Amino acid sequence: MQQRIAVLGSTGSIGRQTLDTVASYADRFKVSVLTAGSNLDLLSQQAAKFRPHCVVVAAPRSREAFESFRSEMDSLGIKAYSGDEAIADAMEDDDTDVVVTATVGYSGLIPTMRAIRAGKTIALANKETLVVAGEIVTREKERHGVDIIPVDSEHSAIYQCLDGEDREAVERLWITASGGPFRCTDAAVLAQMKASDALRHPNWSMGAKITVDSATMINKSFEIIEARWLFDIPGERIKAVVHPQSIVHSMVEYRDGALKAQLGVPDMHLPIRYALAGGKRLTLPGEERRLTVKDLSTLTFEEPDDSKFPGIKLGHYALKQGGNTACVINAANEIAVDAFLHDRIGFTDIVRVIEETLERADRVESPELEDYVASNEQARRIAAECL
Ligand code: NDP
Ligand code: MG
């Protein structure tokens with residue numbers, strides 16, 4: 001039977017690559033639901049091609065634009081809705097088996113929680129869900145007996161390296177980082193870097209927000225937090241290592257000294273394919289590039305420079321502090337990155353805004369979902385003042 005896939009954020013980088021994958025394996029997968037932030041043009045093309053039974057857009061640019069989209073969808077027999085609530089409702093769709101969470105930022109949290117509570121398998125790209133509220137998301141996942149399969153390349157690699165292994169035998173997780181576009185940039189000129197510089201990622205083509213997170217290395221902090229919740233390993237046993245070629249996607253070190261790695265070309269189709277197949281291997285659909293000896297001849301590794309990229313320290317800090325710390329960091333980061341992308345603040349201001357927000361935000365020791373919602377709102381307000 002075909003797996004029925006809902007794509008939360010189908011118009012973005014991961015969403016589009018998810019749909020490529022569905023198209024390449026049409027005998028295995030079909031689309032049930034597509035959602036987008038505001039891009040009605042692309043959503044409508046995707047809907048015409050993949051024929052979901054429902055599409056939802058969070059914030060159409062105008063009522064008129066949405067009404068014309070809705071009548072277009074109507075003629076295809078597709079139901080169209082708008083608003084955040086409608087996106088969350090669509091996650092409970094009876095005709096969906098797997099939800100791919102490919103939306104960006106905090107916007108993933110509530111829909112993902114709803115999908116978990118409805119018993120859907122989660123193919124998780126939206127790492128911010130676990131950054132903001134990892135503790136309660138994993139608790140709900142256990143309660144409802146659902147699987148969360150990582151799409152993030154590092155976590156997919158770790159997931160693959162853990163397959164068939166005894167969890168007790170794990171010593172440490174090694175999360176690789178490309179180092180981003182500023183790895184070789186002189187620390188003294190980092191403050192002058194603009195959004196256009198940060199968006200030139202050396203290895204990966206991704207959405208704007210995660211590309212900036214890679215440049216600050218806050219992405220690696222988020223991935224440390226993501227790994228802590230996905231694999232139930234304390235932060236002290238998760239280590240980041242810079243690997244500029246992005247061929248080794250991550251590694252697991254075992255008690256006996258063995259270090260197991262997963263390698264591949266830097267292409268998100270692989271982890272997406274693996275997650276959609278429920279952690280099984282599908283054959284490459286065509287003549288896609290495979291690794292060659294040449295790729296393997298130049299692999300290098302180095303320690304991250306945390307004085308040049310202080311953002312990389314935030315992950316361990318957040319895990320140590322616990323409570324709503326990571327939620328505050330995430331919210332402040334979203335506001336700061338957005339301001340940076342609009343050239344309103346400088347590159348090194350991003351971490352400054354996060355630190356100032358952390359100082360001023362209320363601490364919540366054992367947050368529940370509503371506390372995260374409130375904390376996210378408060379931290380966004382404070383961060384906006386710190387710009
Ligand atoms: P993009 O910015 O390319 O896409 C984001 C998607 O979410 C779009 O479909 C967008 O719609 C939608 N969206 C944005 N804001 C909202 C909102 N408020 N409500 C509902 N939908 C919204 O992001 P990426 O694909 O790069 O990243 C998605 C997630 O995957 C992130 O959490 C990222 O960290 C993670 N990830 C991404 C990787 C990559 O290679 N891109 C690699 C590993 C992880 P619209 O187009 O209409 O704006
Ligand atoms: Mg990653």
Side-chain angles (χ1 to χ4, degrees), residues 6-20 33-46 55-61 65-66 69 81-88 90-91 100-112 122-132 150-159 175-180 199 201 203-214 217-227 230 240 243 246 248-250 262 264 266-272 275 315 330 333-334 337-338 341 376 380:
V7 189
L8 177 66
S10 63
T11 52
S13 163
I14 294 290
R16 284 179 270 118
Q17 296 180 81
T18 300
L19 292 180
D20 292 347
V33 174
L34 296 177
T35 82
S38 61
N39 188 345
L40 290 178
D41 292 342
L42 183 55
L43 186 60
S44 122
Q45 287 171 31
Q46 293 179 337
V55 291
V56 194
V57 58
R61 68 183 177 281
F66 178 69
F69 171 76
Y81 303 96
S82 70
D84 293 337
E85 194 54 40
I87 288 192
M91 300 298 104
V100 180
T101 67
T103 187
V104 60
Y106 176 85
S107 72
L109 175 62
I110 303 291
T112 305
I122 308 293
L124 185 115
N126 182 261
K127 65 190 85 183
E128 293 92 339
T129 291
L130 289 180
V131 171
V132 171
V151 168
D152 210 351
S153 56
E154 295 77 2
H155 304 75
S156 177
I158 291 168
Y159 192 89
I175 300 193
T176 53
S178 68
L199 290 175
H201 195 281
N203 305 340
W204 297 97
S205 158
M206 311 180 284
K209 192 251 178 190
I210 183 177
T211 307
V212 175
D213 290 347
S214 302
M217 296 200 76
I218 288 171
N219 184 49
K220 228 27 71 176
S221 276
F222 286 174
E223 292 184 347
I224 288 168
I225 301 171
E226 183 185 10
L230 278 173
H243 166 51
S246 299
V248 175
H249 295 309
S250 276
Q262 184 260 329
D267 179 349
M268 289 305 295
H269 288 94
L270 194 154
I272 291 170
N330 178 71
N333 183 57
E334 286 187 28
V337 168
D338 185 67
L341 284 169
N376 172 63
R380 280 170 183 271

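These numbers come from a predicted model, not from an experiment. Whatever order the structure lists ligands and atoms in, that order sets their numbers, starting from 1.
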Quiz item: Under 4.0 Å between a Lys/Arg side-chain N and an Asp/Glu carboxylate O for K209 and E128?
Solution: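 Yes, K209 and E128 are salt-bridged.
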
Practice problem: Identify whether the distance between the nearest side-chain nitrogen and carboxylate oxygen of D20 and R16 falls below 4.0 Å. | Solution: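 Salt bridge: no.
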
Exercise. Give the protein residues with at least one non-hydrogen atom closer than 4.0 Å to an atom of ligand 1, ordered by chain and number.
Key: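 Contacts of ligand 1 under 4.0 Å: G9, S10, T11, G12, S13, I14, A36, G37, S38, N39, A58, I87, A102, T103, V104, S107, A125, N126, K127, E128, D152, M206, G207, I210, M268.
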
Self-check item: Heavy-atom pair with the smallest gap, counting every atom of T112 and T129
Solution: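 Of all heavy-atom pairs spanning T112 and T129, the closest is OG1-OG1, 3.7 Å.
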
Quiz item: Do you know which two heavy atoms are closest between P111 and M91, and how far apart they sit?
Solution: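 Shortest heavy-atom contact: O-CG, 3.4 Å.
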
Self-check item: Set of residues satisfying side chain to side chain donor-acceptor pair (under 3.5 Å) with respect to T103, sequence neighbours excluded
Solution: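 T103: side chain to side chain donor-acceptor pair (under 3.5 Å) contacts with S107.
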
Practice problem: Using a cut-off of 2.8 Å, find all protein N, O or S atoms closer to the Mg ion (ligand 2) than that distance. | Solution: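 Per the 2.8 Å query on the Mg ion (ligand 2), atoms found are D152 OD1, E154 OE1, E223 OE2.
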
Quiz item: Rounded to the nearest 0.5 Å, how far apart are CG of N203 and OG of S214?
Solution: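 Output value for this atom pair is 10.0 Å.
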
Exercise. Without swapping roles, check the side chain of H249 against the backbone of S156 for a donor-acceptor pair under 3.5 Å.
Key: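 Pair absent, no side-chain N/O of H249 close to backbone of S156.
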
Self-check item: Distance-only side-chain donor-acceptor flag, H155 / E226, under 3.5 Å
Solution: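 Side-chain D/A pair, H155 to E226: present.
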
Self-check item: Those residues that, when tested against H269, pass ring pair (Phe, Tyr, Trp, His ring centres under 6.0 Å) (two or more places apart)
Solution: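 Checked H269 against ring pair (Phe, Tyr, Trp, His ring centres under 6.0 Å); zero matches.
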
